[in-house]
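Heavy-atom basis, side chains included; hydrogens, waters and symmetry copies ignored.
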Amino acid sequence: MQHMTMLRRHLTERVHRLLRSFPVVVIAGPRQVGKSTLAKAVLAERSGSYLSLDDATLLQTALDDPRALVRQGGFTVIDEVQLAPDLLREIKIAVDEGRTPGMFLLTGSANLLKMRSVTESLAGRSAWAELGTFTWSELAGAPAPRTVDVLFAATGDGEEAIGALPAVQAGAADTVRRLAVRGAMPAALALSPADRRDFYDSYRLTFVERDLRQLARVEDLQAFGRVLAMAMGRTSGLVNFSDLAADARVSPPTARSYLDLLETGCQVRTLPAYFVN
């Protein structure tokens with residue numbers, strides 16, 4: 001197993017900037033993508049406290065007395081906040097009593113805005129950011145890409161916009177193919193191909209057997225696993241729920257609900273069509 005050096009995430013600077021303007025900043029993303037590491041890196045540059053709800057004792061305190069956990073004072077990082085949704089209501093109250101920037105940094109391994117158990121969105125009090133697996137530029141130690149900014153800033157025809165983009169590096173296509181096969185989960189990057197496969201198999205099993213139960217009650221885990229596999233095989237393709245349901249041997253409404261759960265758990269991201277048709 002190779003040694004994996006610490007790579008700085010592009011999101012770090014944005015989180016620091018948001019904390020200077022908003023009382024609450026929320027970082028959402030799948031498990032094992034580095035949310036806790038990023039939060040600790042931010043905390044290292046500020047004074048405050050770190051609370052992880054993966055700790056059973058802290059989680060029980062959060063469930064029994066969320067107010068006491070929130071009212072510790074100072075900058076507070078709460079990791080895996082989706083495990084105790086009532087904390088968000090107490091955080092709202094604390095913010096409304098004394099609104100100052102940089103009060104809380106929260107992380108969650110689920111899209112809190114899609115969870116039925118979450119009744120408080122912290123609207124007007126928070127900024128939300130999403131952390132995924134490593135990007136190509138992060139792995140290369142390069143600056144964050146500005147492709148969208150360049151395209152919107154360009155004037156004239158499309159050729160001018162394309163000409164303003166950086167030149168494609170030699171061997172880029174092969175690099176993309178290797179990254180697509182290897183994946184970009186931080187913990188898996190330094191593993192051998194065999195160990196990496198075991199890592200992702202265990203990751204999938206952990207999500208289905210543990211994390212999924214925190215999001216919803218799913219009676220047929222085998223059916224859910226089939227939908228998960230069929231959805232992964234349709235990456236970057238159009239979603240046809242009838243075809244997906246037929247291949248997974250479930251009804252179209254079930255396929256749709258399972259895909260919604262995968263999106264709530266930050267395992268897939270659906271991209272709406274630009275045009276209504």
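With Y50 contributing its side chain and A39 its backbone, the two residues share no donor-acceptor pair below 3.5 Å. A donor-acceptor pair is defined here as one N or O able to donate and one able to accept, closer than 3.5 Å; no such pair exists between the side chain of T76 and the backbone of Q72. Remark: side-chain polar atoms of R125 are paired, donor with acceptor, to backbone N or O of A123 under 3.5 angstrom. Judged by distance alone, the side chain of R249 and the main-chain N or O of A245 form no donor-acceptor pair under 3.5 Å.
The shortest heavy-atom contact between L53 and L59 is O-CB, 3.4 Å. Taking both residues in full, the closest heavy atoms of V176 and W136 are given as CG2-CZ3, 3.5 Å, listed atom of the first, atom of the second, then distance. Nearest heavy atom pair, residue V26 against residue V24, reads CG2-CG1, 4.1 Å. In plain terms, the two heavy atoms of A94 and V70 that are nearest each other are CB-CG1, 3.9 Å. Taking all atoms of both residues into account, the shortest heavy-atom contact from P30 to K35 is O-NZ, 2.7 Å. The nearest pair of heavy atoms linking A248 to R226 is O-NE, 2.7 Å.
Checking N240, D243, D247 one by one against R234, the side-chain hydrogen bond (donor to acceptor under 3.5 Å, both in side chains) holds for a single residue, D247. Test V227, L215, V268, L228 against L261 for side chain to side chain contact (heavy atoms under 4.5 Å, CB included) and you get one pass: L215.
Residues T107 and I78 fail the side-chain proximity criterion, which asks for heavy atoms closer than 4.5 Å. The shortest side-chain heavy-atom distance between V15 and I27 falls under the 4.5 Å cut-off. In this structure, P186 and F134 have side chains that are in contact, with non-hydrogen atoms separated by less than 4.5 Å. By the 4.5 Å heavy-atom criterion applied to side chains, E130 and L11 are not counted as neighbours. Considering only heavy atoms from C-beta on, E13 stays 4.5 Å or farther from L18 through its side chain. For the pair V25/V42, no side-chain contact is recorded, criterion being any heavy-atom separation below 4.5 Å from C-beta on. Considering only heavy atoms from C-beta on, S21 stays 4.5 Å or farther from P101 through its side chain. Side-chain atoms of L51 and L69, non-hydrogen and from C-beta on, do get closer than 4.5 Å to each other.
At a cut-off of 3.5 Å, with distance as the only test, a side-chain donor of D79 or S36 sits close to an acceptor on the other residue. Counted by atom type alone, T254 and S251 present one or more donor-acceptor pairs between their side chains at under 3.5 Å.
Shown here is R8, whose CZ atom has more than 12 heavy atoms of other residues, nucleotides or ligands within 6.0 Å. Within 6.0 Å of CZ in R46 there are more than 12 heavy atoms belonging to other residues, nucleotides or ligands. Under a cut-off of 6.0 angstrom, the local environment of CD in Q222 is sparse, with at most 12 non-hydrogen atoms contributed by other residues, nucleotides or ligands.
The cluster map of Ile, Leu, Val, Met, Phe, Trp and Tyr, joined by side-chain heavy atoms under 4.5 Å apart, puts M230 and L205 in different clusters. Under a hydrophobic clustering in which Ile, Leu, Val, Met, Phe, Trp and Tyr are joined whenever their side-chain heavy atoms come within less than 4.5 Å, directly or via other members, I93 and V81 fall into different clusters.
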Candidate pair L244 and R256, rule side chain to side chain contact (heavy atoms under 4.5 Å, CB included), full reasoning: CA-CA 9 Å; L244 176 63; R256 184 181 293 272; over 6 Å; no
Applying side chain to side chain contact (heavy atoms under 4.5 Å, CB included) to F207 and F224, what does each step give before you reach the verdict? CA-CA 11 Å; F207 176 78; F224 182 87; 4.0 Å; yes
Does the side chain to side chain contact (heavy atoms under 4.5 Å, CB included) test come out yes or no for L191 and D198, once each step is laid out? CA-CA 10 Å; L191 299 178; D198 288 337; over 6 Å; no
Quick one, F75 with M103, criterion side chain to side chain contact (heavy atoms under 4.5 Å, CB included). Give me CA distance, side-chain angles, the key distance, then yes/no. CA-CA 5 Å; F75 175 58; M103 297 174 67; over 6 Å; no
Given E80 and S109, is the side chain to side chain donor-acceptor pair (under 3.5 Å) satisfied, shown in steps? CA-CA 6 Å; E80 300 296 350; S109 296; 2.8 Å; yes
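Remark: Q32 CD to S202 OG distance equals 10.5 Å, nearest 0.5 Å. Separation of atoms CG (D211) and CZ (R204) is listed at 13.5 Å; rounding is to 0.5 Å. With values rounded to the nearest 0.5 angstrom, L271 atom CG is found 10.0 Å from L238 atom CG. From T37, atom OG1 reaches atom CG of L7 across 11.0 Å, with rounding to the nearest 0.5 Å. Interatomic distance, L189 CG to R182 CZ, rounded to the nearest 0.5 Å: 5.0 Å. Atom CG of L179 sits about 11.0 Å away from atom CG of D174, to the nearest 0.5 Å.
Ion pairing between a basic and an acidic side chain is recognised when a charged N comes within 4.0 Å of a carboxylate O; R217 and E219 show such pairing. Between R71 and E97, at least one side-chain N (NZ, or NE/NH1/NH2) sits under 4.0 Å from a carboxylate O, which counts as a salt bridge. Between D86 and R67 no salt bridge is recorded (no basic side-chain N to carboxylate O distance below 4.0 Å). The pair R9-E138 counts as a salt bridge, with a side-chain nitrogen and a carboxylate oxygen less than 4.0 angstrom apart.
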